[in-house]
Amino acid sequence: MNPGSSIALLCLPCGGASAAMYERWRLRTPRWLQVVPIELPGRGARTTEPFSTDFDALVEQLCVEHARVLEEPYALFGHSMGGLLAYGMAERLHRRRRTLPVMLFTSASPGPSTDCWRFTGRDNDDALIRDLRHFGGAPEEVFACPEMLRAALDALAADYVVCNSFQHRGPARLPVPLRVLAGRDDEIELQQLAVWREETVASFALHWFNGGHFYLRAQESALLRLIENELGSSLRAPKENTEAPSPALPV
């Protein structure tokens with residue numbers, strides 16, 4: 001690592017969650033890696049704000065709110081819906097010819113060209129609760145507290161609306177290294193992850209972890225170690241030729 005080198009890691013939460021899911025990371029990463037948990041409107045410290053309902057408008061808002069950080073060396077990480085938002089930010093910044101991330105990490109997130117981002121029949125509490133339990137996205141204390149459960153359901157319902165508004169414009173061909181992370185026991189299929197390769201003209205790799213959709217809880221140490229190694233290498237290495245073809249998909 002060069003003296004004085006540092007990088008910000010902007011972390012986007014999954015559907016129904018808040019920035020709190022990344023707070024522990026701040027205590028478990030080296031000083032050169034500055035974890036920046038991103039709070040979405042309507043939750044956490046932003047509970048007084050209305051939920052977002054449009055994907056492009058939310059991406060625009062996030063890019064504006066974090067404009068200062070996006071001018072310095074940074075990377076993007078997003079879990080599930082957060083992966084789609086991280087991609088949306090990178091794609092928008094690329095179109096606007098702004099500073100791009102040194103790397104994009106998508107976690108437990110199907111590719112943007114798949115039909116996985118269309119959520120129907122989730123317009124009632126029973127369906128939302130089933131999703132929370134099925135994917136393991138909320139601890140039991142949430143279900144035991146009416147106020148916490150109401151907040152989680154409202155956030156998840158709003159995030160489904162955001163995902164339903166997403167429109168894939170075709171492969172983004174981002175000149176950004178892309179790392180796709182996934183749990184071996186997740187329901188997301190290999191091909192739904194492999195299509196991420198179409199979105200970059202830089203390097204690509206798919207990394208597997210033991211666990212399901214929320215593998216990142218039990219595998220936090222291994223995940224952070226991988227992120228640190230990838231970003232540490234990117235800061236030490238000379239700038240790659242981003243127009244080179246992506247390497248073969250490791251499986």
Shortest non-hydrogen contact from [X] toward [Y]:
X: G15; Y: M81; value: N-CB, 3.8 Å
X: P13; Y: I38; value: CD-O, 3.4 Å
X: F214; Y: F135; value: CD1-O, 2.9 Å
X: R43; Y: A155; value: NH1-CB, 3.9 Å
X: G44; Y: E39; value: CA-OE2, 3.4 Å

Side-chain H-bond candidate by donor/acceptor type, Q61 with H66, under 3.5 Å: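 On atom types as modelled, these side chains do not qualify, holding no pair under 3.5 Å.
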For a 4.5 angstrom cut-off between non-hydrogen side-chain atoms, does [X] reach [Y]?
X: E228; Y: L224; value: yes
X: L9; Y: I227; value: yes
X: L226; Y: L181; value: yes
X: L70; Y: L10; value: yes

W117 ring center within less than 6.0 Å of Y160 ring center: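 Judged by ring-centre distance (under 6.0 Å), Y160 and W117 do not meet the cut-off.
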Contacts of type salt bridge (charged side-chain N to carboxylate O under 4.0 Å, His left out), residue D54, not counting sequence neighbours: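 Once residues adjacent in sequence are excluded, D54 has no partner under the salt bridge (charged side-chain N to carboxylate O under 4.0 Å, His left out) criterion.
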Pairing residues for [X] by the side-chain hydrogen bond (donor to acceptor under 3.5 Å, both in side chains) criterion, not counting sequence neighbours:
X: R217; answer: none
X: R28; answer: E220, S221
X: E23; answer: R26
X: R122; answer: D131

Path from Y87 to V195 over hydrophobic side-chain contacts below 4.5 Å: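 Result: no, two separate clusters.
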Shared hydrophobic cluster, V161 / L12 (ILVMFWY, side-chain heavy atoms < 4.5 Å):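 As far as the 4.5 Å side-chain criterion goes, L12 and V161 are not connected within one cluster.
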Could you tell me whether [X] atom [atom1] has more than 12 heavy atoms of other residues or ligands within 6.0 Å of it?
X: R68; atom1: CZ; answer: no
X: R97; atom1: CZ; answer: no
X: E49; atom1: CD; answer: yes

Side-chain ion pair, R96 and E91, N-O less than 4.0 Å: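 No, this pair does not count.
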Tabulate below the donor-acceptor pairs under 3.5 Å that side-chain atoms of residues 99-108 make, not counting sequence neighbours, or state none.
| unit_1 | atom_1 | unit_2 | atom_2 | d |
| --- | --- | --- | --- | --- |
| S107 | OG | H79 | ND1 | 2.8 |
| S107 | OG | Y215 | OH | 2.7 |

Stepwise salt bridge (charged side-chain N to carboxylate O under 4.0 Å, His left out) test for D125 and R130: CA-CA 9 Å; D125 286 355; R130 281 197 299 270; over 6 Å; no
Aromatic plane relationship, H168 with F166 - under 30° parallel, 30 to 60° tilted, over 60° perpendicular: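 Rings of F166 and H168: tilted, 30 to 60°.
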E199 and R173: CA distance, side-chain angles, deciding distance, salt bridge (charged side-chain N to carboxylate O under 4.0 Å, His left out) verdict: CA-CA 5 Å; E199 304 298 332; R173 296 185 60 79; over 6 Å; no
R133 charged N/C atom sitting above F143 aromatic ring, 6.0 Å / 45°: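 That pair qualifies as a cation-pi contact.
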